[in-house]
Amino acid sequence: MLSKKEKKLIAEIWDRLKHVAEHIGSDALLRMFASYPGTKTYFSHLDISPGSEHLLSHGKKIVLAIAEGSKDISQLTVTLAPLQTLHAYQLRIDPTNFKLFSHCMLVSLAVYMGEDFDPVAHAAMDKYLSAFAAVLAEKYR
Amino acid sequence: MVEWTEQERDIINSIFSSLDYEDIGPKALSRCLIVYPWTQRYFGGFGNLYNANAIKSNPMIAAHGIRVLHGLDRAVKNMDNIKATYAELSVLHSEKLHVDPDNFKLLADCLTIVIAAKLGSAFTPEVQATFQKFVAVVVSALGRQYH
């Protein structure tokens with residue numbers, strides 16, 4: 001459960017990170033590919049080498065969606081409706097992978113924010129990303 | 001038998017020799033108790049864990065965090081034999097402390113985040129992957145003697 005304070009903190013963090021969406025998003029993806037090679041199977045149609053156009057634009061897309069959702073967390077199901085359909089019927093990414101990506105996103109945030117990614121921010125962010133992943137998988141079955 | 005390349009050994013040794021255990025240990029354990037509050041169930045006798053600030057400044061938690069890091073150090077010094085090195089600790093956590101082994105992964109994840117925050121971009125995807133391989137072996141060894 002996210003408190004009002006936590007929701008505000010999460011929205012603030014993502015608002016600040018929007019302008020480095022490409023950097024953060026591609027970093028998280030690269031970390032996921034390195035630690036969990038099975039996740040690469042979903043990207044066989046793209047060039048996911050470091051710095052590639054595909055990687056940067058994909059990372060940006062993901063971060064901007066996470067940032068958008070953070071603006072009004074109580075409306076996640078509404079905000080994510082189109083992405084829910086996309087993931088359920090087209091992409092069909094096994095939801096276990098959402099956990100792997102979320103973990104790598106937390107690492108990217110720690111690397112980027114250093115000491116500012118304190119335990120309170122970490123807790124709030126972990127909860128938000130879990131909620132985001134759960135909503136994303138809602139239409140799977 | 002876990003196989004380690006020269007590069008992986010270098011990475012693990014380099015990470016741990018750059019860490020101040022007195023700093024990182026408390027940070028990792030307190031973060032675990034804050035991010036995953038249910039882990040506090042194992043620390044009933046440790047005094048005030050009422051909120052994040054209390055946890056962060058709790059001296060018993062800090063001391064325990066340091067002990068955990070020194071325990072990890074034993075794995076670093078015995079990378080080819082982690083399972084045997086941790087056999088006794090595994091029995092302790094199972095028979096005496098009754099810790100659900102799923103919790104080992106939670107602490108490992110928090111340690112990863114703390115080290116990432118400290119090393120910054122030096123904690124590259126490849127370094128992270130090696131570190132996560134190491135903690136996965138540690139976590140597995142700690143859960144090995146449960147029955």
Side-chain angles (χ1 to χ4, degrees), chain A residues 1-3 5-6 9-10 13 20 23-40 43 48-52 55-56 59 96 99-131, chain B residues 7-8 11 15 20 23-24 26-40 49-58 61-62 65 102 105-137 139:
Chain A
M1 257 184 33
L2 283 163
S3 68
K5 224 161 114 184
E6 286 177 314
L9 178 61
I10 293 162
I13 291 176
V20 287
H23 172 77
I24 299 276
S26 61
D27 187 64
L29 283 169
L30 279 174
R31 289 179 184 284
M32 186 180 71
F33 298 145
S35 281
Y36 312 107
T39 57
K40 291 191 286 187
F43 294 84
I48 50 172
S49 53
S52 80
L55 186 75
L56 290 170
T96 332
K99 270 209 185 90
L100 304 181
F101 181 72
S102 297
H103 171 70
C104 291
M105 178 55 78
L106 291 175
V107 174
S108 292
L109 291 173
V111 166
Y112 189 77
M113 295 170 63
E115 295 294 321
D116 281 350
F117 195 59
D118 67 9
V120 171
H122 176 173
M125 198 55 78
D126 190 23
K127 288 195 275 184
Y128 171 57
L129 292 178
S130 303
Chain B
Q7 197 195 28
E8 287 171 330
I11 287 173
I15 290 176
D20 174 6
D23 174 52
I24 297 294
K27 279 192 172 135
L29 182 59
S30 58
R31 187 171 286 248
C32 186
L33 297 174
I34 293 167
V35 176
Y36 307 111
W38 54 92
T39 56
Q40 292 169 26
L49 302 179
Y50 192 60
N51 55 37
N53 284 327
I55 294 171
K56 280 195 267 194
S57 53
N58 183 313
I61 294 294
D102 288 344
K105 183 161 191 309
L106 300 182
L107 179 56
D109 284 349
C110 285
L111 180 60
T112 306
I113 300 285
V114 167
I115 290 176
K118 175 164 193 295
L119 299 183
S121 51
F123 196 64
T124 65
E126 292 68 37
V127 169
Q128 178 187 344
T130 302
F131 184 77
Q132 292 194 179
K133 175 179 171 179
F134 175 74
V135 294
V137 173
V139 164

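Scope of the values below: all heavy atoms of this structure, side chains included, with no hydrogens, waters or symmetry mates. So that the names make sense, note that chain A is the first sequence line, chain B the second, and so on, each numbered from 1.
For Lys118(B), no part lies under 4.5 angstrom from a heavy atom of chain A. In this structure, chain A has heavy atoms under 4.5 Å from both the backbone and the side chain of Gln128(B). With a 4.5 Å cut-off on non-hydrogen atoms, Tyr36(B) touches chain A through its side chain but not through its backbone. In this structure, the portion of Lys56(B) lying under 4.5 Å from any heavy atom of chain A is its side chain and not its backbone. Only the backbone of Thr124(B) comes within less than 4.5 Å of a heavy atom of chain A; no side-chain atom from C-beta onward does. The part of Tyr36(A) that comes within reach of chain B is its side chain, from C-beta onward, which places non-hydrogen atoms under 4.5 angstrom from that chain.
Here the side chain of Ser35(A) pairs no donor or acceptor atom with the backbone of Met32(A) at under 3.5 angstrom. For the pair Ser26(A) (side chain) and Leu56(A) (backbone), a donor-acceptor distance under 3.5 Å is absent. Panel note: side chain Gln132(B), backbone Ala129(B); no donor-acceptor pair is recorded below 3.5 Å.
A distance below 6.0 Å separates the ring centres of Phe43(A) and Phe33(A).
The choice from Leu109(A), Asp118(A), Leu106(A), Asp116(A) that makes the most heavy-atom pairs within less than 4.5 Å of chain B is Asp118(A). Listed options Thr112(B), Leu33(B), Ile34(B) were ranked by heavy-atom pairs under 4.5 angstrom with chain A; first place goes to Ile34(B).
Within 6.0 Å of NZ on Lys127(A) lie more than 12 heavy atoms contributed by other residues, nucleotides or ligands.
Contact detail for Ala124(A) and Ile10(A): the closest heavy-atom pair is O-CD1, 3.4 Å.
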